[in-house]
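Report on the following structure.
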Amino acid sequence: MSEKRKQVSRRQFLNYTLTGVGGFMGAAMLAPMVRFAIDPALQTSAQGDFKAVAQVDEITTEPQRIDWTIDQVDAWYESEVTKSAWVYKTEDGDILALSPVCKHLGCVVTWQGSEEYQDQFFCPCHDGRYYKDGVNVPNTPPAAALDVFQHKVEDGTLYLGKAVPREEL
Amino acid sequence: MLQKIYDWIDERVDITPLWRDIADHEVPEHVNPAHHFSAFVYCFGGLTFFVTVIQVLSGMFLTMYYVPDIENAWKSVYYLQTEVAHGQIVRGMHHWGASVVIVMLFLHTLRVFFQGAYKKPRELNWMVGVLIFFVMLGLGLTGYLLPWDNKAYFATQVTLEIAEGVPFIGEATKTLLAGDPEIVGAQTLTRFFAIHVFFLPAALFGLMAAHFIMIRKQGISGPL
Ligand code: HEM
Ligand code: FES
């Protein structure tokens, strides 16, 4: 029996080295470009600052829409954008500031937005509904409660921060 | 695995003859630097192509951040270069590559010229090569404006005045390039961007295809 020597032919050797060197050069070329392209996905999101939005004594037990502006830095474009919240005092006197962004697919909800459903938040896009406390009404499209703005009160002024999902509160 | 995928496709559409025809052919001895070192001069065409690939790729990635608008062009370039990971490298590749590609193209042309490789039957490919050269100069010229900084602005101002100096058609040419008879501004930038990123690359790809098909048909010219 002839001994099996794993001989690498000249042709194979050249094929391997050329593929290796070519692959290395291609990777060296593409790596920075790919990292460049995926950068937005790897940026850490900035923590939202708290902004003064209202006086606490203006807030009632009825949800009111409060608008305020924040300075938004969108890469090279800086602008003021308007944010909104539905704010009211709960039974135990605490302040609840609900995000108006529907948890179904992101439209905007309105307190008593539908004549048919009093005392509920209503989303016109697919008839999503939420109770006053922001919890989604079962058997309407949204699958979660409205996000809640982080808030703090200083000297009778209400400050709102970032809207976070309920579980993260 | 790869072999299996290859075989599966090959069984159905018979791709082996296709790539064999493109890639699998002898390199003549007089073109192989392993035989005669001086044959490295034959590499310049391939190097030009290599740098062109870098230009096309890095250019495509730059357009993910770049905006061709006079308010935002400079800011977007500044942002991509200072804030985006590897932005300096990707812009650097495109910026320096734009010069390197012209150098390679020029060396390739010198080789063809001094070896007389442009002679019959290859005159047509020489002409196509000259067109590629003009397209490359056009890419360099239109790309130079895109960062919309002072250097870019005044270089373009000068170019437009040179174009204006051409007898009879000069003024119309300038207006067509700048998009306005007087202003070098918003419309100039969008035009240069469109020409740089769509029109000239399209022309370049067509010309390169013609160049390479002719080389395959006619073969490389013989030894001196
Ligand atoms: C499809 C191909 C290409 C695309 C999509 C593209 C795209 C771009 C973009 C978006 C810019 C502005 C960003 C910046 O200035 O850093 C730019 C700049 C530029 N491009 Fe291209 N480009 C292409 C091919 C080329 C080629 C082949 C050349 C070579 C002659 C070239 C030469 C330039 C130059 C000189 C600049 C100015 C660079 C600077 O000052 O940093 N481009 N290109
Ligand atoms: S987005 Fe609100 S119900 Fe669909």
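So you know, we letter chains A, B, ... as the sequences are listed, proteins then strands, and number each from 1. Please read all numbers here as calculations on a predicted model, not as lab measurements. Scope of the values below: all heavy atoms of this structure, side chains included, with no hydrogens, waters or symmetry mates.
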Query raised in the report: Rounded to the nearest 0.5 Å, how far apart are CE of B/Met136 and CG of B/Leu204?
Result: 4.5 Å
Below 3.5 Å only, please: all the donor-acceptor pairs between chain A and chain B, one per line.
| from | atom 1 | to | atom 2 | distance (Å) |
| --- | --- | --- | --- | --- |
| A/Phe36 | O | B/Tyr65 | OH | 2.8 |
| A/Asp39 | OD2 | B/Ala85 | N | 3.4 |

Query raised in the report: Quick check: are there more than 12 heavy atoms from other residues, nucleotides or ligands sitting under 6.0 Å from CD1 of A/Ile38?
Result: yes
**Report entry** Near-ring test A/Phe50/A/Trp68, centroid separation under 6.0 angstrom
**Finding:** no
Report task. Enumerate the residue pairs fulfilling side-chain hydrogen bond (donor to acceptor under 3.5 Å, both in side chains) with a member in residues 83-101 of chain A, sequence neighbours excluded, ordered by first and then second residue. Result -> A/Arg65-A/Ser84, A/Asp67-A/Ser84, A/Thr90-A/Asp92
Report task. Check whether the SG atoms of A/Cys102 and A/Cys107 are less than 2.5 Å apart, and answer yes or no. Result -> no
Query raised in the report: When the ring centroid of B/Phe49 is compared with that of B/Phe212, is the distance short of 6.0 Å?
Result: yes
Query raised in the report: Of the backbone (N, CA, C, O) and the side chain (C-beta and beyond), which part of B/Val84 lies under 4.5 Å from a heavy atom of chain A, both, or neither?
Result: both
Query raised in the report: Please walk me through it: do A/Asp147 and A/Arg166 pass salt bridge (charged side-chain N to carboxylate O under 4.0 Å, His left out)?
Result: CA-CA 6 Å; A/Asp147 288 354; A/Arg166 294 278 164 130; over 6 Å; no
Query raised in the report: With a 4.5 angstrom heavy-atom cut-off, which part of A/Leu30 approaches chain B: side chain, backbone, both or neither?
Result: side chain
